[in-house]
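Residue numbers start from 1 in every chain, and the chains themselves are labelled A, B, ... in the order their sequence lines are given, proteins ahead of strands.
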Amino acid sequence: MTSRIRPFHHMRWNEPIIYQLSVEGQRGILVPEAEKEIEQIVGDGLSSIPGNMRRKDLPNLPEMAQPQVVRHFNHLSQENLGADSNIDIGQGTCTMKHSPKINEVFARSHKITDLHPYQDCSTVQGILEIFYRTEELFREISGLDRCSVQPGGGTHGVVAMVSMVRAWHRDRGEDQQRDEIITTLFSHPADAAVPKAKGYKVVILPPDEEGLPDLEAYKNALSEKTAAIFFTNPEDTGIFNSRILEFTELAHQKGALCCYDQANANGLLGIARAREAGFDMSFFNLHKTFSSPHGCGGPATGLLMVDRKLGVYLPVPVVRRNERTGRYFLDFNLPKSCGKVKAFFGVAPVVLRAYAWIMSLGADGLEEASRIAVLNNNYFMKKMLKVRGCSISFPRHPGRVEQVRYSWEKLKEETGFGTGDVQRRIADFGTHYWASHEPWVIPEPFTIEPSESYSRDDIDEYLEIMEQISRECYEEPEVIRHAPHNSTVHHIDHEYLDDPGKWAITWREYSKKYTGYFQER
Amino acid sequence: MTEGRSRDRKVLGLIVNPVAGMGGAVGLKGTDGRAVLERALSMGALPRSPLRVREALEALKRIADDIRILTCSGDMGALESERAGLPTEVLPIGAGPFTSAVDTMEAARKMEASGVDMILFAGGDGTARDIAGVVGTRVPSLGIPSGVKIHSPVFGRNPAMAGELAGLFMSGAKVALEEREVMDIDEEAFRKGTLRASLFGYLLVPSERRFLQGGKAGGGKSVAVELDGIAQEIISRMMPGDLYLVGPGTTTAAVMRRMGCEYSLLGVDAVRDRKTLGTDLPGKYILDLAEPGRTWLILSVIGGQGFILGRGNLQVTPEVIRVVGKERILVAGTPEKLKGLFGKALFVDTGDPLLDLELCGYTRVVTGLGEETLFRVER
Ligand SMILES: Cc1ncc(COP(=O)(O)O)c(C=O)c1O
């Protein structure tokens with residue numbers, strides 16, 4: 001059999017930040033001056049803005065001609081990796097799958113891009129209808145009753161859920177008493193981080209020997225102080241907690257709410273629902289399962305579904321339909337609302353793509369997508385476990401849903417190379433893999449989620465890459481030691497990513513921390 | 001080689017306990033003491049260290065041009081270092097037929113004085129203890145596991161990995177250093193079938209966590225950040241006027257440090273209203289201080305084994321624990337440390353079997369600011 005692996009070399013442009021390319025006076029487009037007649041009627045435009053609102057200096061924007069701008073962004077995209085450039089199944093828990101391009105066409109239509117959230121409802125009936133219908137679809141998908149599309153991401157979906165929990169207990173006068181939220185070690189870290197940031201104490205349950213959340217520990221942790229449970233299921237390991245109903249029932253007995261992190265619902269559509277598992281609310285990452293790319297933190301949506309009894313606490317506004325006139329409107333009149341979690345009411349292009357994707361597949365199509373995702377994952381797992389040095393977390397629980405947490409523990413023991421080394425080497429094949437969330441309780445971990453987008457050939461190619469890397473670890477250690485060879489970045493200094501005093505993800509932040517920009521001004 | 005260039009080289013101290021591990025193969029559980037060693041030899045035990053050291057030094061050959069080895073005579077280091085072709089300078093230590101702990105300590109002392117960048121030692125807990133007693137946390141150190149007893153988390157997972165890590169550190173790569181416990185068990189008692197381990201001190205050990213490329217998890221928080229979060233959490237729970245008995249360990253030390261309180265790393269200290277009442281207190285005195293309902297106990301999880309009571313903190317007697325009460329015991333541990341105990345329970349061994357039974361079940365361990373993780377407790 002000929003090898004599927006193809007020679008690859010990554011592109012390197014050493015591309016500066018766009019602000020560094022800025023040349024004073026350069027312009028991409030020359031906007032024509034207003035004609036005299038027009039100026040006579042509307043004035044100069046500026047003087048109608050009250051003096052105290054008018055800025056004194058010009059905004060700090062890069063100045064560039066159009067060809068340089070185009071070149072810059074092409075360079076950046078060439079330096080990238082992702083689902084549109086190669087087999088992107090190594091970012092388990094992130095559901096890096098294909099988003100059909102037709103949905104992109106809808107989202108880029110001027111009918112969407114020309115909309116503004118300050119427009120009067122009477123002029124945006126179309127998008128409001130799509131929001132409304134998307135809610136109806138998610139009633140079926142989750143079994144729950146009411147919806148908010150306000151959260152701008154998955155972690156933001158958790159923010160909305162914590163806000164709802166707070167509003168619910170406050171309304172019952174139990175907010176002071178209930179200051180604990182229970183989550184599990186293999187739930188997404190956001191399920192612990194957000195409650196902490198919102199002032200709750202978080203109690204983490206370890207897994208039992210089978211990898212399921214330890215039920216005895218849970219019974220021990222539950223009390224009158226428990227405000228809610230925040231569970232991901234299936235967890236990061238790919239293991240589905242089939243006793244989930246026991247967990248939610250026990251929580252309800254103690255007066256706690258049950259919150260479900262379904263950011264990644266890709267293996268469960270049409271198969272299992274939040275309602276039947278006993279949850280009071282759940283959020284879904286539209287930018288994973290539902291046809292928006294999960295990239296760079298947005299634009300995204302963590303669509304929130306809640307039980308009927310919680311509807312009055314939803315963030316405002318919610319989209320409603322006047323049954324008499326059939327018109328859609330934004331309802332701000334929720335006196336018990338938990339408030340706002342984000343400006344305006346939702347990221348329209350993301351909701352539109354989700355709506356289009358669901359409608360194009362129908363109920364049967366959604367279920368088929370999930371079944372293929374599970375099948376692909378299990379096909380990959382069978383073969384991956386034959387790769388030398390690889391093992392699975394919780395071998396006593398062989399069944400996995402849409403992803404698997406694996407371990408290179410044996411590889412590490414036998415060759416000294418671990419997951420970080422494999423990660424460096426895999427860049428030489430034009431793809432990548434992510435290891436796992438901290439803490440790394442599974443030694444030398446990695447997490448693979450093939451989703452339904454990839455063909456058997458794709459999966460086999462990725463497997464062949466893994467086989468080759470494993471072989472090199474045993475037989476050609478120098479290749480691994482000096483990897484990557486065909487990529488551009490060797491080591492990233494994590495000090496800059498771990499230290500809030502050093503990291504800079506925007507130019508403004510960079511200027512602030514490194515060039516004294518704000519002192520100068 | 002010119003003077004200047006040789007001074008540029010980093011210096012690695014190498015101390016080999018040549019008899020470490022000899023007892024294991026013949027079932028002797030350690031070789032502390034001359035008599036046991038002679039018995040081991042008479043039972044046909046073979047030296048285990050040389051092979052282990054050879055494996056570790058393999059990884060250093062790659063940077064042979066950039067480092068210098070400072071070591072002891074013969075099988076205390078020079079033999080293997082020269083055999084590996086590393087530039088070696090030999091201290092006049094360990095030339096006699098029998099070497100002992102005294103030689104190890106002497107070597108560590110000389111190495112610290114000459115300013116080595118790191119001490120790589122081969123042995124077991126006893127060797128680690130000898131070195132910790134001399135250099136403490138002043139010189140980065142790392143163990144090549146070759147003794148019988150390896151309870152202290154100051155050793156590489158295997159000799160090759162110890163060598164890799166030492167090489168990484170010596171080559172100037174950024175490697176985080178962490179204070180780790182040096183434990184040792186009472187060999188006499190262990191030979192009779194009971195495991196009794198004590199905390200003897202701390203070494204400054206390079207962390208095995210490698211730098212990773214990309215990924216949304218990043219490299220995780222540093223241990224210092226984790227410790228500070230735990231300290232903040234515990235301090236935020238302290239009640240005015242209540243007495244806090246603070247057990248030994250780096251985790252509890254972080255609490256004291258954040259409060260600006262004087263403390264002992266290995267002893268039990270008492271604090272009230274953020275003021276130290278006494279450090280390294282003996283059990284009887286602790287009992288006198290403890291007042292029912294108003295006294296709390298703050299304990300570290302002892303790395304590697306997962307003991308919370310009965311190892312390194314025997315001053316906290318069963319009587320003290322009964323006065324404090326189960327619900328006023330706060331246990332703390334960093335996620336980084338608890339990772340090593342994943343899937344295992346925490347242990348208590350207070351010397352009072354009935355009390356041990358009462359302490360079993362589940363406990364919450366403070367693992368960060370606003371965060372607790374549940375752990376099973378067994379005896
Ligand atoms: C289970 C789970 N919850 C929450 C999140 C967070 O989502 P986001 O990355 O949109 O903040 C993710 C995604 O990474 C996830 O997998």
CD/A:Q176: more than 12 non-hydrogen atoms of other groups inside 6.0 Å
no
Looking only at heavy atoms, what is the nearest atom pair of A:E216 and B:Y362, with distance?
CB-OH, 3.3 Å
NZ/NE/NH1/NH2 to OD/OE distance under 4.0 Å, A:R481 and B:E164:
yes
Cut-off 4.5 Å, heavy atoms of chain B, and the answer for A:F446 is neither
Please enumerate all residues that pass salt bridge (charged side-chain N to carboxylate O under 4.0 Å, His left out) together with A:D208, with sequence neighbours excluded.
A:R243
Residue by residue, which of residues 367-379 of chain B have a heavy atom closer than 4.5 Å to a heavy atom belonging to chain A?
B:L369, B:G370, B:E371, B:E372, B:T373, B:L374
Can you list everything that forms a salt bridge (charged side-chain N to carboxylate O under 4.0 Å, His left out) with B:K61? Sequence neighbours excluded, please.
B:E58
A:V203 and B:R364 have their tightest heavy-atom pair at CG2-NH1, 3.7 Å
Name the region of A:Y200, side chain, backbone, both or neither, that has any atom closer than 4.5 Å to a heavy atom of chain B.
backbone
Salt bridge (charged side-chain N to carboxylate O under 4.0 Å, His left out) partners for A:E449, two or more places apart:
none
Taking CZ in A:R12 as the centre, count heavy atoms belonging to other residues, nucleotides or ligands within less than 6.0 Å. Is the count above 12?
no
Between A:E413, A:E209, A:E180, A:H432, the one whose heavy-atom pairs under 4.5 Å with chain B are most numerous
A:E180
Return the CZ to CE distance between A:F417 and B:M161, rounded to the nearest 0.5 Å.
11.5 Å
Counting only heavy atoms closer than 4.5 Å, note whether A:L185 contacts chain B via side chain, backbone, both or neither.
side chain
Heavy-atom cut-off 4.5 Å, strictly under: side chain, backbone, both or neither for A:P195 against chain B?
neither
Okay, A:A192 and chain B: the region with an atom under 4.5 Å from a heavy atom over there is neither
